[in-house]
Trainee: 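The structure is given below, and queries will be raised subsequently.
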There are 2 protein chains.
Amino acid sequence: MEKEKFIEIQPVKDAFDIIGGKWKFPVIYSLCSGKKRFKELEKDLNGVTPKALTTVLKDLEMNGLVKREVFPTVPLTVEYSLTDYGKDLKPVLLSLQEWGKKHRKRIMEK
Amino acid sequence: MEKEKFIEIQPVKDAFDIIGGKWKFPVIYSLCSGKKRFKELEKDLNGVTPKALTTVLKDLEMNGLVKREVFPTVPLTVEYSLTDYGKDLKPVLLSLQEWGKKHRKRIMEK
DNA sequence: CGGTATCCATTTTGATACTG
DNA sequence: CAGTATCAAAATGGATACCG
């Protein structure tokens with residue numbers, strides 16, 4: 001490209017493709033506090049349907065952010081956890097949080 | 001127990017409501033390099049339709065991230081720019097970029 | 001328990017065409 | 001130039017119900 005840029009848009013778009021969407025961050029957030037089973041996640045993410053949860057978990061697993069472990073107990077036990085790679089998203093969560101707080105404060109003042 | 005940064009999910013969701021979506025970041029990114037007119041943005045954001053651009057600009061303006069200035073020339077001149085508040089998103093862009101780069105690198109290695 | 005399958009409503013997007 | 005209007009298409013969301 002002709003112009004030198006501090007921020008490149010493509011990596012931002014890439015990141016957005018992976019963590020964008022309604023339930024991605026809530027799932028990641030929930031998994032930040034440790035391993036979770038399907039029903040635990042379903043309870044944590046108020047309002048999510050099993051279909052949506054399945055979709056988002058598969059998506060995150062496919063992208064290497066989440067690990068899925070199956071234990072052949074009766075009944076079945078499945079545990080989801082963040083991979084180290086997924087944990088790398090924490091700075092993103094923090095910067096989003098910071099801006100979100102600022103934004104809320106700003107709205108309140110109006 | 002070690003002290004660790006506590007992340008609240010609500011501010012993250014709030015932030016996502018405002019900057020989530022297909023064209024928000026590309027617009028913000030484009031405006032990072034200065035004032036832009038409608039057609040310039042349309043050209044910068046490869047593939048955006050005027051309808052989508054109008055929607056996202058109105059949205060960003062409503063949330064105080066973007067300023068819209070109209071000059072009553074003939075033909076009409078309209079300039080869009082980031083407000084200081086919108087510029088506060090730069091750290092978010094940076095952290096997303098950083099993660100996105102890491103992700104791309106990771107994909108390439110596979 | 002940990003999901004799928006199904007069906008449908010709602011939203012988001014897309015392609016043009018057109019106006020002040 | 002800077003958008004609107006319109007209509008169609010596609011992706012997403014939600015409510016059950018059901019299966020291994």
Side-chain angles (χ1 to χ4, degrees), chain A residues 9 12-31 33-63 65-83, chain B residues 9 12-31 34-63 65-82:
Chain A
I9 194 62
V12 178
K13 280 186 176 177
D14 291 348
F16 233 69
D17 282 347
I18 292 164
I19 59 184
K22 190 170 178 180
W23 297 108
K24 298 281 180 63
F25 266 120
V27 166
I28 291 164
Y29 171 70
S30 175
L31 292 178
S33 56
K35 292 185 176 184
K36 295 280 167 67
R37 299 177 62 176
F38 192 88
K39 284 290 180 199
E40 291 181 279
L41 283 170
E42 201 176 345
K43 197 185 156 196
D44 264 19
L45 281 59
N46 202 13
V48 75
T49 59
K51 189 176 86 173
L53 188 52
T54 300
T55 307
V56 73
L57 284 169
K58 273 191 179 150
D59 220 51
L60 291 173
E61 193 195 354
M62 208 180 63
N63 284 302
L65 279 73
V66 161
K67 189 170 73 178
R68 182 178 184 269
E69 291 175 286
V70 185
F71 303 95
T73 52
V74 177
L76 208 60
T77 303
V78 180
E79 281 183 353
Y80 293 92
S81 56
L82 277 188
T83 62
Chain B
I9 193 62
V12 177
K13 280 186 176 177
D14 290 347
F16 233 69
D17 282 346
I18 291 164
I19 59 185
K22 190 171 181 181
W23 298 108
K24 298 280 180 66
F25 267 119
V27 166
I28 291 164
Y29 170 70
S30 174
L31 291 179
K35 292 185 177 187
K36 294 280 168 66
R37 298 178 63 177
F38 193 87
K39 283 289 177 198
E40 291 181 279
L41 284 169
E42 202 176 344
K43 197 185 158 197
D44 265 19
L45 280 59
N46 202 13
V48 75
T49 59
K51 188 176 84 173
L53 187 52
T54 301
T55 306
V56 73
L57 283 170
K58 273 191 180 152
D59 220 51
L60 291 172
E61 194 196 352
M62 207 182 61
N63 284 302
L65 280 73
V66 162
K67 188 170 73 178
R68 183 178 184 267
E69 291 176 287
V70 184
F71 303 95
T73 52
V74 177
L76 208 59
T77 303
V78 180
E79 282 182 354
Y80 293 92
S81 57
L82 277 188

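Just so it is clear: chains get the letters A, B, ... in the order the sequence lines come, proteins before strands, and each one is counted from 1. Just so it is clear, the structure is predicted and the values come from calculations on it, not from any experiment.
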Trainee: At a heavy-atom distance below 4.0 Å, what parts of residues 38-46 of chain B sit against DNA chain D?
Mentor: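 The stretch gives B:Phe38, B:Lys39 as the residues lying under 4.0 Å from the strand, ordered by number.
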Trainee: Using the rule given for side-chain contact (heavy atoms from CB on, under 4.5 Å), can you reason through A:Ile18 versus A:Asp14, listing the C-alpha separation, both sets of side-chain angles and the distance that settles it, and then say yes or no?
Mentor: CA-CA 7 Å; A:Ile18 292 164; A:Asp14 291 348; 5.6 Å; no
Trainee: Using five pairs at either end of the helix from C:dC1-D:dG20 to C:dG20-D:dC1, determine the angle between the two local helix axes and round it to 10 degrees.
Mentor: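 Terminal axis comparison yields 50°.
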Trainee: How far does NZ of A:Lys24 sit from CD1 of A:Ile19, to the nearest 0.5 angstrom?
Mentor: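 Nearest 0.5 Å value for the NZ-CD1 distance: 8.5 Å.
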Trainee: Taking atom P of D:dC1 as reference, at what distance in whole Å does atom CG of B:Leu53 sit?
Mentor: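 Spelled out: CG on B:Leu53 to P on D:dC1 is 14 Å.
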Trainee: State plainly whether the residues B:Lys43 and B:Glu40 are in salt-bridge range, i.e. N to O under 4.0 Å.
Mentor: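 Salt bridge absent between B:Lys43 and B:Glu40.
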Trainee: Please determine whether side-chain contact (heavy atoms from CB on, under 4.5 Å) holds for the pair B:Leu41 and B:Leu57, giving the CA-CA distance in whole Å, both sets of side-chain angles, and the decisive distance to 0.1 Å.
Mentor: CA-CA 10 Å; B:Leu41 284 169; B:Leu57 283 170; 3.9 Å; yes
Trainee: Roughly how far, to the nearest 0.5 Å, is NZ of B:Lys13 from NZ of A:Lys22?
Mentor: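 Spacing of NZ (A:Lys22) from NZ (B:Lys13) equals 8.5 Å.
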Trainee: When you measure from every atom of DNA chain C, which of residues 65-82 of chain A have a heavy atom less than 4.0 Å away?
Mentor: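 Contacting residues: A:Arg68, A:Pro75, A:Leu76, A:Thr77, A:Val78, A:Tyr80.
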Trainee: With rounding to the nearest 0.5 Å, note down the distance linking CG in A:Asp59 to CH2 in A:Trp23.
Mentor: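 Interatomic distance, A:Asp59 CG to A:Trp23 CH2, rounded to 0.5 Å: 15.0 Å.
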Trainee: Let me see the working for B:Leu82 and B:Val66 under side-chain contact (heavy atoms from CB on, under 4.5 Å), right down to the final yes or no.
Mentor: CA-CA 5 Å; B:Leu82 277 188; B:Val66 162; 4.1 Å; yes
Trainee: Go through the N and O atoms of the side chain of A:Lys51 and the base of C:dG3, and report whether any donor-acceptor pair is under 3.5 Å.
Mentor: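 Such a pair does not exist between side chain and base.
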Trainee: Is there a side-chain polar atom (N or O) of A:Thr54 under 4.0 Å from OP1 or OP2 of C:dG2?
Mentor: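 Checking A:Thr54 against C:dG2: no side-chain N or O falls below 4.0 Å of OP1 or OP2.
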Trainee: Let me know the distance between CG of B:Asp17 and P of C:dT12, rounded to the nearest Å.
Mentor: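 Rounded to whole Å, this separation is 11 Å.
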Trainee: How close or far is atom C1' of D:dA10 from atom NZ of B:Lys22, stated in whole angstroms?
Mentor: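 Atom NZ in B:Lys22 sits about 11 Å away from atom C1' in D:dA10.
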Trainee: Short question: side chain of A:Thr54, backbone of A:Pro50 - any donor-acceptor pair under 3.5 Å?
Mentor: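 Yes, the answer is positive, given that a donor and an acceptor are paired below the 3.5 Å cut-off.
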Trainee: Under 4.0 Å between a Lys/Arg side-chain N and an Asp/Glu carboxylate O for A:Glu61 and A:Lys58?
Mentor: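 Salt bridge: no.
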Trainee: Between A:Phe38 and A:Tyr80, what is the ring plane arrangement, given parallel below 30°, perpendicular above 60°, and tilted in between?
Mentor: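 If you compare the ring of A:Phe38 with that of A:Tyr80, the planes turn out tilted.
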Trainee: Measure the distance from CZ on A:Arg37 to P on C:dG3 and round it to the nearest whole Å.
Mentor: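 Those two atoms, CZ and P, are 10 Å apart.
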Trainee: What is the distance, rounded to the nearest whole Å, between atom NZ of B:Lys24 and atom C1' of C:dT13?
Mentor: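 Roughly 14 Å, once rounded to whole Å.
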Trainee: Quick one: does any side-chain atom of A:Thr55 pair with a main-chain N or O of A:Lys51 as donor and acceptor, under 3.5 Å?
Mentor: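 The answer is yes, because a donor-acceptor pair under 3.5 Å joins these two groups.
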